[in-house]
Student: 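Following this message is one structure expressed as structure tokens.
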Amino acid sequence: MKPLIRNTITVAAVIMAVAVVSTPAQSAPPADWSKIPAKTVKLFYPGQSSYQWLRSPAHKRAQKKTAQGDSCVSCHEDEEQEIGELIVSGKRLEPHPIASKQAVINLAVQAAHDSDNLYLRFQWKTRNPYPGTAHPHWIYNGKTWEVIGWPRLHKKVWGEGQPAIYEDRLSMMIDDGSVPMFAELGCWLTCHVGMRDMQNLAKTDDVKSHPLLGKVLHKKDVRKYLPASRIGKKPTWRKTKSAEDIAKVKASGGFVDLMQFRAHRSRPSGMADDGYVLQYRLFDAGNKVYGKNWDKAAKQPKYMFDEKTVGFKSRTMAGIRDTSKPSSLVAEENAVPFDPKAGWKKGDMIPEYYVSRVGAKGSAADNGNVIGTWKDGMWTVLWTRKLDTGHPEDDKIMKAGGVYTFGFAVHDDNITTRGHHVSWPMSIGIGVNADIAAVKLN
Ligand code: HEC
């Protein structure tokens with residue numbers, strides 16, 4: 001257990017130091033969370049229930065009302081279990097049902113606030129008897145390093161029997177009322193055909209040659225976007241507004257805040273990432289907490305584990321879920337520059353990404369106090385989010401007395417893209433009544 005404990009203490013010490021320097025003494029999370037009411041939010045498996053599907057005749061008797069902006073819960077209240085079961089079983093909206101996938105994940109949410117921060121505590125049970133702290137790796141094949149590990153919805157896993165390896169995550173989207181229909185449709189406003197693992201997947205070459213997504217943003221696939229970034233009433237991934245028009249929507253707050261606690265790529269640094277959704281799912285300005293562990297020119301990893309600190313340079317498949325040892329490469333803690341002459345053997349594995357709290361900068365580094373621990377089959381994530389991050393250009397600024405729309409998602413059991421469980425949109429009131437009322441501290 002030594003490295004893990006040391007890791008936790010390092011992060012806690014950094015956070016305490018930051019707290020002491022930058023905020024007054026009364027700004028602190030609840031000393032006793034058992035006094036804060038917990039709301040159980042039922043997250044269900046959404047399959048391919050895209051924005052476009054919801055507006056199609058396949059969404060029986062609901063297509064018109066959904067297009068008019070009636071909220072999902074106005075018709076589907078308490079139907080999470082039922083809908084989840086239809087979809088995980090493959091009866092509806094799911095071309096690749098995953099064996100033993102749960103229909104619903106119960107996410108316990110507690111919320112409190114003071115004048116500086118919103119404090120959220122999340123708890124949920126994992127499908128597996130281990131935390132998803134592993135992520136794809138580079139594996140040495142005797143000559144070169146290649147990727148090993150994919151999410152369960154990837155054809156390499158369901159079609160070719162390759163190993164499913166992907167981190168657990170807890171995500172949230174936030175809006176302050178600036179994005180039309182987010183309060184009613186929540187995450188479904190961002191989820192469209194053409195995206196990865198959705199119907200009518202966009203072709204790589206078409207995305208690469210797209211004047212905005214390919215030529216300006218350098219993307220190869222389509223990810224979440226908001227209808228307000230597209231031309232016309234029937235948004236498609238291709239019909240993007242001009243960069244100037246999108247900038248105007250953004251400047252008026254017409255984006256959704258999106259942030260993710262990542263068990264492999266942010267947790268070891270005591271952080272979550274920080275992004276937003278508008279014309280694409282993008283990261284905030286600055287540097288995010290993780291980076292690709294790959295030296296393109298040399299075609300080899302940038303870092304390997306520091307043997308002096310952790311006792312190994314690399315691992316093998318048998319070791320990547322050993323929770324008594326660090327699972328992530330942390331640039332400032334346990335990593336050293338990769339040595340191509342270290343006597344690599346076939347099957348040696350090094351993480352595909354590294355993590356760095358020191359390297360995280362600017363608005364992308366706003367979630368600097370997010371602590372995740374997994375014990376007895378359950379994740380507990382303590383999240384401190386500044387009400388006002390100081391970055392209104394890509395964050396939603398909250399105020400005491402305000403009510404905001406949140407959408408929650410959990411990625412469980414080696415999954416990405418739409419393989420998560422999601423919530424209906426819900427409101428959080430900062431000290432005022434809402435679906436979840438954040439309790440005022442002091
Ligand atoms: C006007 C009422 C209404 C609204 C609003 C509505 N739905 Fe539906 N939804 C339905 C009905 C009716 C069905 C079909 C049930 C059936 O076929 O038995 C359905 C089916 C579904 C299904 C497929 C599972 C199933 O039970 O067949 C999903 C997923 C779904 N809706 C998601 C949503 C989401 C997400 C929203 C909000 C963006 C939404 N719905 C808004 C009425 C509604």
Side-chain angles (χ1 to χ4, degrees), residues 41-98 101-107 153 171-175 177-200 223-230 233-237 254-258 277-278 281 404-412 415 417-428 434-435:
V41 179
K42 285 195 178 298
L43 311 182
F44 65 93
Y45 200 64
Q48 293 183 330
S49 54
S50 63
Y51 180 89
Q52 287 76 12
W53 180 87
L54 289 160
R55 284 167 162 65
S56 75
H59 191 196
K60 280 184 208 154
R61 302 186 295 283
Q63 121 193 58
K64 216 164 125 198
K65 293 273 185 201
T66 306
Q68 284 165 1
D70 280 23
S71 74
C72 312
V73 281
S74 69
C75 295
H76 289 298
E77 197 172 12
D78 296 329
E79 287 183 354
E80 296 91 345
Q81 186 73 34
E82 204 179 308
I83 297 181
E85 276 169 14
L86 274 172
I87 298 176
V88 284
S89 66
K91 286 189 192 127
R92 285 310 283 266
L93 289 164
E94 180 49 77
H96 297 292
I98 293 167
K101 172 76 46 199
Q102 347 48 325
V104 159
I105 291 177
N106 288 321
L107 179 70
L153 282 172
S171 317
M172 53 185 165
M173 288 200 220
I174 310 177
D175 183 47
S178 309
V179 175
M181 286 204 204
F182 189 78
E184 291 80 21
L185 311 187
C187 305
W188 283 271
L189 202 58
T190 69
C191 178
H192 302 271
V193 298
M195 284 166 42
R196 298 175 300 164
D197 289 324
M198 295 298 285
Q199 309 96 327
N200 301 335
R223 302 200 185 175
K224 292 185 179 67
Y225 65 84
L226 290 180
S229 67
R230 299 307 198 259
K233 286 213 166 120
K234 294 196 168 167
T236 68
W237 70 264
F255 59 88
V256 172
D257 211 341
L258 167 60
V277 180
L278 182 52
R281 192 218 77 194
Y404 303 90
T405 304
F406 280 65
F408 297 110
V410 159
H411 286 82
D412 177 63
I415 208 77
T417 64
R418 64 179 173 79
H420 52 3
H421 289 72
V422 292
S423 75
W424 304 120
M426 56 184 49
S427 57
I428 294 193
D435 294 333

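Note that ligands are numbered from 1 as they come in the structure, with each ligand's atoms numbered from 1 the same way.
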Student: Protein heavy atoms: any of them under 4.0 Å from atom 8 (Fe) of ligand 1?
Tutor: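 There is a protein heavy atom less than 4.0 Å from atom 8 (Fe) of ligand 1.
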
Student: Side chain, backbone, both or neither: which applies to Trp53 and ligand 1 if a contact is any heavy-atom pair less than 4.0 Å apart?
Tutor: side chain

Student: What I'd like to find out is whether the side chain of Lys65 reaches to under 4.5 Å of the side chain of Cys75, using heavy atoms alone.
Tutor: no

Student: At a non-hydrogen distance cut-off of under 4.0 Å, which region of His59 contacts ligand 1 (side chain, backbone, both, or neither)?
Tutor: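 Just the side chain.
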
Student: I need the single residue from Gln48, Met198, Gln52, Lys224 that forms a side chain to side chain contact (heavy atoms under 4.5 Å, CB included) with Cys191. Which is it?
Tutor: Met198

Student: Spell out, as yes or no, whether a donor-acceptor pair under 3.5 Å connects the side chain of Arg230 to the backbone of Trp237.
Tutor: yes

Student: Could you tell me which residues satisfy salt bridge (Lys or Arg N to Asp or Glu O under 4.0 Å) with Arg281, sequence neighbours excluded, listed by chain and number?
Tutor: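 With neighbours one apart ignored, the set is empty.
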
Student: To check you understand the geometry: which heavy-atom pair defines the closest contact between Ser50 and Gln199, and what is its length?
Tutor: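 Looking at all heavy atoms of both residues, the closest pair is OG-OE1, 3.9 Å.
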
Student: State the atoms of ligand 1, each with its element, that fall below the 4.0 Å cut-off from a heavy-atom position in Leu185.
Tutor: 38 (C)

Student: With heavy-atom distances below 4.5 Å as the criterion, would you say the side chains of Thr190 and Leu226 are in contact?
Tutor: yes

Student: Does the side chain of Pro227 reach to within under 4.5 Å of the side chain of His192, using non-hydrogen atoms?
Tutor: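 Yes, close enough: below the 4.5 Å cut-off.
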
Student: Could you tell me which atoms of ligand 1, counted from 1 in the order shown, lie closer than 4.0 angstrom to a heavy atom of Trp424?
Tutor: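 Here the atoms of ligand 1 in question are 34 (C), 35 (C).
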
Student: Could you state the interatomic distance from CE (Met173) to OG (Ser423), rounded to the nearest 0.5 Å?
Tutor: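 Between Met173 CE and Ser423 OG, I get 9.0 Å after rounding to 0.5 Å.
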
Student: Quick test of your reading of the structure: of Gln63, Arg92, Arg55, whose heavy atom lies closest to atom 17 (O) of ligand 1?
Tutor: Arg92

Student: Nearest 0.5 angstrom please: Trp424 CH2 to Asp435 CG, how far?
Tutor: 13.5 Å

Student: Could you tell me which atoms of ligand 1, counted from 1 in the order shown, lie closer than 4.0 angstrom to a heavy atom of Cys75?
Tutor: 1 (C), 2 (C), 3 (C), 4 (C), 5 (C), 42 (C), 43 (C)

Student: Measuring from the heavy atoms of Tyr51, does anything fall under 4.0 Å of ligand 1?
Tutor: no

Student: Give a yes/no on ligand 1: does Tyr45 have at least one heavy atom closer than 4.0 angstrom to it?
Tutor: no

Student: I'd like to check whether Lys65 has a polar contact with ligand 1, where a contact means an N/O of the residue lying under 3.5 Å from an N/O of the ligand.
Tutor: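 It does not: no N or O of Lys65 is found under 3.5 Å from an N or O of ligand 1.
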
Student: Identify, for atom 33 (C) of ligand 1, the protein heavy atom at the shortest distance, and state residue, atom and that distance.
Tutor: Leu54 CD2, 3.3 Å

Student: Just need the protein heavy atom nearest to atom 29 (C) of ligand 1, so name the residue and atom and give the distance.
Tutor: Ile83 CG2, 3.7 Å

Student: Indicate yes or no: at least one non-hydrogen side-chain atom of Leu189 is less than 4.5 angstrom from one of Tyr51.
Tutor: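 A side-chain contact under 4.5 Å exists here.
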
Student: My question is simple, although I want it checked carefully: is atom 3 (C) of ligand 1 less than 4.0 angstrom from any protein heavy atom?
Tutor: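 Within 4.0 Å of atom 3 (C) of ligand 1, protein heavy atoms are found.
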
Student: Work out whether the distance between some heavy atom of Ser71 and some atom of ligand 1 is less than 4.0 Å.
Tutor: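 The answer is yes: ligand 1 sits under 4.0 Å from a heavy atom of Ser71.
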
Student: What do we get for Pro46 next to ligand 1 when only non-hydrogen atoms under 4.0 Å count, side chain, backbone, both or neither?
Tutor: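 Neither part.
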
Student: As a check for students: among Pro425, Ala62, Gly69, identify the option with a heavy atom nearest to atom 43 (C) of ligand 1.
Tutor: Ala62

Student: Less than 3.5 Å apart, which donor and acceptor atoms pair up between the side chains of residues 85-94 and the rest of the protein, not counting sequence neighbours?
Tutor:
| residue | atom | partner | partner atom | Å |
| --- | --- | --- | --- | --- |
| Glu85 | OE2 | Gln81 | NE2 | 2.7 |
| Ser89 | OG | Glu85 | O | 3.0 |
| Ser89 | OG | Leu86 | O | 2.9 |
| Ser89 | OG | Lys91 | N | 3.3 |
| Arg92 | NH2 | Ala58 | O | 3.4 |
| Glu94 | OE1 | Arg418 | NH1 | 2.5 |
| Glu94 | OE2 | His96 | N | 2.8 |
| Glu94 | OE2 | Arg418 | NH1 | 3.3 |
| Glu94 | OE2 | Arg418 | NH2 | 3.2 |

Student: Which option, His76, Arg61, Gln48, owns the non-hydrogen atom nearest atom 10 (C) of ligand 1?
Tutor: His76

Student: For atom 37 (C) of ligand 1, what's the nearest protein heavy atom and its distance?
Tutor: Cys72 SG, 1.8 Å

Student: I need the atoms of ligand 1 closer than 4.0 Å to a non-hydrogen atom of Trp188, numbered in the order shown.
Tutor: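 In order of number, 35 (C).
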
Student: Should Trp188 and Thr66 count as side-chain neighbours, where that means a heavy-atom distance under 4.5 Å?
Tutor: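 With C-beta onward as the side chain, the pair stays apart.
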
Student: So which heavy atom in the protein is nearest atom 12 (C) of ligand 1, and how far is it from that ligand atom?
Tutor: Lys60 O, 3.3 Å

Student: Name the closest protein heavy atom to atom 26 (O) of ligand 1, giving the residue it belongs to and the distance to 0.1 Å.
Tutor: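 Sorting protein heavy atoms by distance from atom 26 (O) of ligand 1 puts Leu86 CD1, 3.4 Å first.
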
Student: Just one of His421, Glu80, His420, Gln102 clears the side chain to side chain contact (heavy atoms under 4.5 Å, CB included) bar with Leu43, so which one?
Tutor: His421

